[in-house]
Peer 1: 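Quick one: the structure is below, questions incoming.
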2 protein chains.
Amino acid sequence: MSEASVPGAPSLETVGGDPELGVQRWWSEREQRLLRRRPRVDGLTIERIILTALALVDVEGLEALTVRRLADELSTGSASLYRHVSSRDELLVLVVDHVLGEIVLPDVGLSGRAKVEWLSKELRRVLIAHPRLLPALTASPLLGPSAVRGAQNGLGNMLEAGFAPAVAVPAYLAMIDFVLGTVYFDTSRAGQNSSTLLINGDGFDRPSAAEVFEFGLRTFLDGLTHRFPPPQ
Amino acid sequence: MSEASVPGAPSLETVGGDPELGVQRWWSEREQRLLRRRPRVDGLTIERIILTALALVDVEGLEALTVRRLADELSTGSASLYRHVSSRDELLVLVVDHVLGEIVLPDVGLSGRAKVEWLSKELRRVLIAHPRLLPALTASPLLGPSAVRGAQNGLGNMLEAGFAPAVAVPAYLAMIDFVLGTVYFDTSRAGQNSSTLLINGDGFDRPSAAEVFEFGLRTFLDGLTHRFPPPQ
DNA sequence: ACCTGAACACCGTTCAAGT
DNA sequence: ACCTGAACACCGTTCAAGT
């Protein structure tokens, strides 16, 4: 997994050379590259690679996704994979965006608040469907086509729910942080027992991860409506 | 980083054999072991190992923390480190709890709600101080002595703020998820640009990570008070 | 008893040599 | 032009041999 860039380095989006993995320009240049490309003779496609990688992660975990192991799974050599992806990190970025593509956008007929709730639940749903992939979520900025689609819908929903941009933007971002936080720590070992055993030790009931999510989402949205009542 | 245990496996806390890394019994058995231990002649102590590992992560990132490299840093061989920690994962667990030990608990004179806010901000503060360590947070349940100290204080604050246990418990857990979510995604590459470039593209102002955190915390706590008004 | 050099079984990635 | 075997420079971890 790649490290964060050095603070103070020039903005990655504007520099002339190769763009950093996963930033906006990286995605657009990748699209150009894919269009220019001739079909490969060996039957290997990036789609097949991504699906096989995801299946491997789902079944055996992120650690099992090694370039060599994936090549085995595809009956080829590890070097051959490097004709389709330039690094293991790039592969992870592609798999993550593929999973975000499973998000079903809310029906346009729903109210703004209902759309906000729908999208949060969908994000949680698709991520929980692939719990062992989650540590890869932080490997790159979430700017692939599916992530962008979700973010545009999500922010749009907040605006449609009647919040001014100066409220909708931090509200949207805070809600994403909350959803990712619950998913991350509820499915990883961090949340598995976490503070909870303690709580059991104190004789309190332990709510399920889903209950904590519902509770937090509802409380946050109620607080939002309470702090910023919709204009009449 | 270790993988989550197989779902459906017997509870890790109650089985007879060696407890899984980071669970409660693991911590207590570790304490027993440390008490029985004679001082080492080579000057290597677990404290020195933890501090050196944390410094290495802070300066060069989590990837640079290899057993071999850490051994170099301590002028010894990698095999020698295995007399103090049984794996790289165990080392990460110890470093994470060490960092949580930097949390300053709220002054007892503060109100319940002020204590809740204080602890959330402290958790955020100590984690942000070591951004490159964060991916290690999910490697194990957070049940070390410092994590337990923080969790007990955190839940206690919620109760002291006047919420019934059935509210305080999910509220506490949801808030932790939110704090960890903001820290995680604001400091990792995932949040670095995230949905935010998009937003810039749409002409909206981009709030800072700190602003999103403050906004979310305040909104959540307001929602909590609104949904569950304190008895008189 | 304690310590550790050297080995084992892996990694991600590159590149010269093949077709 | 496309593909890939074999190598390079690493890993985490173990264990027999040393003191």
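So that the names make sense, note that chain A is the first sequence line, chain B the second, and so on, each numbered from 1.
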Peer 1: Sort me out a list of protein N/O and nucleotides 14-19 of chain D N/O pairs below 3.5 Å, or just none if empty.
Peer 2:
none

Peer 1: Report yes or no: does R132(A) contribute a side-chain atom to a donor-acceptor pair with the main-chain N or O of V59(A) at less than 3.5 Å?
Peer 2: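 Present.
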Peer 1: Between R69(B) (CZ) and dC11(C) (C1'), how many Å, whole number?
Peer 2: 19 Å
Peer 1: Between E63(A) (CD) and dC10(C) (P), how many Å, whole number?
Peer 2: 14 Å
Peer 1: dC10(C) C1' sits how many Å from R88(B) CZ, rounded?
Peer 2: 15 Å
Peer 1: Could you tell me whether E29(A) and R25(A) make a salt bridge, using a distance below 4.0 angstrom between a side-chain N and a carboxylate O?
Peer 2: yes
Peer 1: Are the aromatic ring centres of Y184(A) and Y184(B) under 6.0 angstrom apart?
Peer 2: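 Distance test on ring centres: under 6.0 Å, yes.
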Peer 1: Send over the distance from L65(A) CG to dG12(C) P, rounded to a whole Å.
Peer 2: 8 Å
Peer 1: With the side chain of T66(A) defined as its heavy atoms from C-beta on, choose the nearest nucleotide among dC3(D), dT13(C), dC11(C).
Peer 2: dC11(C)
Peer 1: Nearest whole angstrom, please: distance from the P of dA9(D) to the CZ of R68(B).
Peer 2: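 About 15 Å, once rounded to whole Å.
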Peer 1: Round to a whole Å and report the spacing from CG of D72(A) to C1' of dG5(D).
Peer 2: 14 Å
Peer 1: Using a strict cut-off of less than 4.0 Å between a Lys/Arg side-chain nitrogen and an Asp/Glu carboxylate oxygen, indicate whether R69(A) and E60(A) qualify as a salt bridge.
Peer 2: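 So R69(A) pairs with E60(A) through a salt bridge.
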Peer 1: Does the distance from a Lys or Arg side-chain N to an Asp or Glu carboxylate O, for K121(A) and E117(A), drop under 4.0 Å?
Peer 2: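 Salt bridge: yes.
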Peer 1: In dot-bracket notation, what is the pairing pattern of DNA chain C, taking Watson-Crick (N1-N3 plus N6-O4 or O6-N4) and G-U wobble (N1-O2 and O6-N3) contacts under 3.5 Å, with [ ] crossing and | for other strands?
Peer 2: ||.|||||...|||||.||
Peer 1: Among dT4(D), dT13(D), dC3(C), which is the nearest nucleotide to the side chain of S80(A)?
Peer 2: dT4(D)
Peer 1: Using atom CD1 of I49(B) as one end and atom C1' of dC3(C) as the other, report the distance to the nearest whole Å.
Peer 2: 13 Å
Peer 1: Over how many whole Å does the gap from L81(B) atom CG to dC3(C) atom P extend?
Peer 2: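 To the nearest whole Å, that distance equals 12 Å.
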Peer 1: Is there a donor-acceptor pair closer than 3.5 Å between any side-chain N or O of W27(A) and the backbone N or O of L21(A)?
Peer 2: no
Peer 1: With distance as the sole test, does E211(B) use its side chain to make a donor-acceptor pair with the main-chain N or O of S208(B) at under 3.5 Å?
Peer 2: yes
Peer 1: If you measure only the distance, is there a donor-acceptor pair under 3.5 Å linking the side chains of E47(A) and H98(A)?
Peer 2: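 Per modelled atom types, E47(A) and H98(A) side chains form no pair under 3.5 Å.
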Peer 1: With a 3.5 Å distance limit and no angle check, can you tell me whether D97(A) reaches the backbone of S146(A) through a side-chain donor-acceptor pair?
Peer 2: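 Yes, the answer is positive, given that a donor and an acceptor are paired below the 3.5 Å cut-off.
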